[in-house]
Amino acid sequence: MLGMANKGPDTNGSQFFFAYNKLPHLNFKYPIFAKVISGFETLDAMEKAPVGPKDRPVTPIKIVDVTVHANPIAEAAIQ
């Protein structure tokens with residue numbers, strides 16, 4: 001699942017996160033608004049990336065291409 005968290009009061013910033021497992025401590029705190037339907041090999045590589053302080057990747061990870069489907073189930077039914 002893909003979610004978004006606010007960086008904090010008066011920061012006007014946000015950060016996106018992928019949830020690999022259930023995260024009940026985040027329920028009702030941050031919106032989850034997408035489901036990953038392909039590209040799992042990329043997510044596996046991201047999950048295995050070495051991390052340093054504050055659990056952040058040692059080498060920055062940038063997502064440079066994303067495909068958004070408004071309703072992938074309906075789109076699959078049309079094809």
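Count residues from 1 along the sequence.
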- Query: Of all residues at least two apart in sequence or in a different chain, which pass the side chain to side chain contact (heavy atoms under 4.5 Å, CB included) check with Ile32?
  - Reply: Met1, Phe17
- Partners of Val66 by side chain to side chain contact (heavy atoms under 4.5 Å, CB included), sequence neighbours excluded? Ile63, Val68
- Note on the structure: To the nearest 0.5 Å, atom CG of Asn6 lies from atom NZ of Lys29 at 13.5 Å
- With sequence neighbours left out, what residues match Gln15 under side chain to side chain contact (heavy atoms under 4.5 Å, CB included)? Ala5, Lys7
- Message: Using side-chain heavy atoms (C-beta onward) and a distance below 4.5 Å, is Val58 in contact with Val51?
- Response: no
- Working to the nearest 0.5 Å, report the span between CD1 of Ile61 and CZ of Arg56. 12.5 Å
- Message: On a heavy-atom basis, which atom in Tyr30 and which in Met4 lie closest, and how many Å separate them?
- Response: CB-O, 3.3 Å
- Query: By side chain to side chain contact (heavy atoms under 4.5 Å, CB included), which residues pair with Phe40, not counting sequence neighbours?
  - Reply: Val36, Leu43
